[in-house]
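Values reported hereafter were calculated over all heavy atoms of this structure, with side chains retained and with hydrogens, waters and symmetry mates removed. A, B, ... follow the sequence lines: proteins, then strands. Residue 1 opens every chain.
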2 protein chains.
Amino acid sequence: MLESDFSQRGVEDTTLGRTREHVRQHNLSTILTTLHKEGSLGRNVLTQRTGLNRSTISSLVAELEALGLVEEVASTAPQGAGRPTLVVSIHDSVVAFAVAIDIDSIVVSLVGLSGRVLKTVRRRTPDAPAARTAIVMARNIINELRSDLDAGTRIVGVGVALPGQVSVSDGVVSEPAFLNWKQAPFAQRLGEEINLPVFVDNDARLGLLAEHDFGAGKPFSNIVYLVGHAVGIGGGVIEGGRPLRGTRGFAGELGHFRMSPPVNMPTAGFSGTLSTSVQRDDLLEALGETTIDDKKLEKALLASSSARVRRVVETQIDRLGIALAGLINIFNPEAVLLAGFLGILQALDPERLSESVKAHVLEQSWAQTQILRTQPGSDLLMIGTSELAFAQLLRDPGSFAFSRGANLKAVESE
Amino acid sequence: MLESDFSQRGVEDTTLGRTREHVRQHNLSTILTTLHKEGSLGRNVLTQRTGLNRSTISSLVAELEALGLVEEVASTAPQGAGRPTLVVSIHDSVVAFAVAIDIDSIVVSLVGLSGRVLKTVRRRTPDAPAARTAIVMARNIINELRSDLDAGTRIVGVGVALPGQVSVSDGVVSEPAFLNWKQAPFAQRLGEEINLPVFVDNDARLGLLAEHDFGAGKPFSNIVYLVGHAVGIGGGVIEGGRPLRGTRGFAGELGHFRMSPPVNMPTAGFSGTLSTSVQRDDLLEALGETTIDDKKLEKALLASSSARVRRVVETQIDRLGIALAGLINIFNPEAVLLAGFLGILQALDPERLSESVKAHVLEQSWAQTQILRTQPGSDLLMIGTSELAFAQLLRDPGSFAFSRGANLKAVESE
DNA sequence: CCTTTTTGTTGTCTATGACAACTTATATCC
DNA sequence: GGATATAAGTTGTCATAGACAACAAAAAGG
């Protein structure tokens, strides 16, 4: 099953006329989405938030309850005088699978509609997996998790986070940065294997999506996001509350942001793109390490007193600042979010990064921009990936067709 | 009168609940906007376009007619068998003023709700005008035009296009590229003078908006736009059908796009940006000219057989290509629109420009991108500017309060 | 235990788009 | 030129979703 209706949040065909049913759909969607993003809320909060009448909320919540999407429980914490409000919570009997494929591992999470990660399976791969290998491994893990599910559990689908360029319209992986796949119709193949709707997107965009909905980016609607991987740098942009996509979904690949002219122009210093100018491996090399994770890398950098390490760090911070300045000039964001080893760089010397940006940015564009680091080591990428699969349900809760949890066609046929 | 509710097309607070009246508002808005963008349409076309029932269209059109916004006329051209359809047209008794302030002139147009430019007054200024001068001149021209209006004419407001950074939230001009104004509260001042709502925005963004709605950009919803001025290069981006704005409205200033690494020497202005790398003056210099308009410049470039001119043109095309490649990597647009002298460069040698882009772009991002030139010498900037003032009316036709055409408070007090 | 306060429920009302039957107006065919 | 076919506008009825108001319920506080 390949789904072509991807998570185009906020993209509505405004030329269309709206009917009464659209109102209902919109309001159901609003309530479910609000609960999804903010957790359990009292009915009173929902009335305030939506501006709808109490009776309307009552009717809408009842409908969502009938759909088996939410449940109402008596509030535990007392809230002062008056009749206590009922708290509306999202059922985690509705789930999605999130698959993240990385250079050395495949991770599959089971994520509930509440946005909680219920289970995670990480399986290492000997090398960067070929497309076929990745599909088979993902299928196997999903089927294992699937067979453990309660009978009543309903699955909305599978979201997949891939590094590199992913064509969102047809789920074809065009140029995966680390995996060396070429035009792999990943979504379709995996969909056929597991008989579930599969949605594919760029991992950086999904990470950003999760940061925007649940993480450090929550307060902002204009964000520039950069994530430093073991190899390469991914990026994404939120503009006006919506992710930048471009025609085929290739927009916002900020790792390719050019920092020096490719040819024929006077270079002064370094050359290449952000990905080639700021590399995690250079930090490892300066430290004399080969392979360590971000947590250890940060510790090592903090502990090190080597002049060489300091020089490398400073160079990278300066370069990062120049790139950020260019991006801030273009996007005028409220916040810049740095993840992965770029977050470490920022944490090591926020002042220096700030100064480097300041030296190369348009004053006005920069005036209200904050540079923030994301919370390291969180589940947010998996949550963002599951959002891909939840999107349709959240957009139109009334008419969504689930896949059955127990019906393990793929397992049976193995 | 300063208006803080600017043209945030497509930005809806989706967390809000919708009621029945919103449906009506949406549908009225849809019909009026469709007519505004596409001109007179038959009622049958409206039904197809909106998907609404004939009877509903009837009711909606009747309401718009009662509001004095549209009129129905019998179709002139016969359309085959069957009862002829009534054509719905927009009244041009609803108007806006569009003001464009340039380095050597101030232009004010009277634009009808149909999107037609009804009158234009261009007044040269001895030098780049100071903010006060510009306000006084704009006020005077507006008042002249205003006193000529029919009694029944209703004015929605004034849109102003300014070069450089404009803070859309409060109408303060932060860093006007050519005018050397500093933090001028332009919108407020002009609003006080003429007692009309005033909306200010960056001229490049408004040019792009018009290209998107009425010009070469109509078929696309992801556009990168660059306009070459006499001095400097402006830019804008349409992403997912909406203009890029950023936090304060400074996003999309692509003229500052960096093409070579910043030298640590503090030069006056930025070195190595698109604006400084591709300059109209260099073309003039090579031609041995001093001041000519774009039309003559194009002729002269086409006629010239000088090797020096060719070299300059080729260099500029190559550099433009590099910049475009960088922007295409970031935005993955459907189309790149080039206006002003950049359009001339493209027309001179589309192949070369294409090759230059191709050499530096990510293959996948570029695969479906077209490079187009805008129609030179059109009224589109003024139309785009008027859109600023029309936006509110188009968004909620039912509850819009007009300013009276005849009530010339400002004129009387002179 | 009664009052106060807040919240949920129920029944009625209104507005809006859908639908279907009817009317109108033109083109075409004989 | 009149009958017929075709397309489009009009009108009245219907269904539905949210607003509103009155009422009931469930605590907290005296």
Given atom [atom1] of [X] and atom [atom2] of [N], what is their separation to the nearest angstrom?
| X | N | atom1 | atom2 | value |
| --- | --- | --- | --- | --- |
| Leu52(A) | dG8(C) | CG | C1' | 16 Å |
| Leu86(B) | dT23(C) | CG | P | 19 Å |
| Asn53(A) | dT7(C) | CG | P | 13 Å |
| Gln48(A) | dG8(C) | CD | C1' | 15 Å |
| Leu41(A) | dT7(C) | CG | C1' | 16 Å |
| Arg24(A) | dT16(C) | CZ | P | 18 Å |
| Asn44(B) | dA25(C) | CG | P | 17 Å |

Glu65(B), CD: over 12 other non-hydrogen atoms inside 6.0 angstrom: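 Atom CD in Glu65(B) is packed in, count exceeds 12.
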
Do [X] and [Y] have side-chain atoms, one donor and one acceptor, less than 3.5 Å apart?
| X | Y | result |
| --- | --- | --- |
| Ser58(A) | Arg43(A) | yes |
| Ser399(B) | Asp396(B) | yes |
| Asp92(A) | Ser114(A) | yes |

Under 3.5 Å donor-acceptor pair, Arg83(A) side-chain atoms to dT6(C) base atoms: no

Distance-only donor-acceptor test (3.5 Å): side chain Arg43(B), base dG9(D):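 Side chain to base: no pair below 3.5 Å.
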
Selection from dA17(D), dT9(C), dG9(D) that lies nearest to any side-chain heavy atom of Val23(A):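 Within the option list, the nearest is dA17(D).
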
Whichever of Pro84(A) and Gln25(B) has its nearest DNA chain C nucleotide further upstream toward 5':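 Whichever sits nearer the 5' end wins; that is Pro84(A).
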
Contact nearer the 5' end of DNA chain C, comparing Thr47(A) with Glu21(A): Thr47(A)

Under-4.0 Å side-chain N/O to phosphate OP1/OP2 contact, Asn27(B) with dT16(C): no

dG8(C) OP1/OP2 closer than 4.0 Å to side-chain N/O of Thr85(A):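 For dG8(C), OP1/OP2 do have a side-chain N/O of Thr85(A) under 4.0 Å.
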
Nucleic acid contacts of residues 55-62 of chain B, taken as heavy-atom distances under 4.0 Å to DNA chain C: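 Of all residues in residues 55-62 of chain B, the ones placing a heavy atom under 4.0 Å from DNA chain C are Ser55(B), Thr56(B).
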
Pair pattern of DNA chain C in dot-bracket, where unpaired bases get dots and | marks partners in another strand, Watson-Crick or G-U under 3.5 angstrom: ||||||||||||||||||||||||||||||

Pairs where residues 23-32 of chain A contributes a residue and the test salt bridge (Lys or Arg N to Asp or Glu O under 4.0 Å) is met, not counting sequence neighbours: Arg24(A)-Glu63(A)

Salt bridge (charged side-chain N to carboxylate O under 4.0 Å, His left out) evaluation trace for Lys218(A) with Glu211(A): CA-CA 7 Å; Lys218(A) 219 171 171 182; Glu211(A) 292 290 345; over 6 Å; no

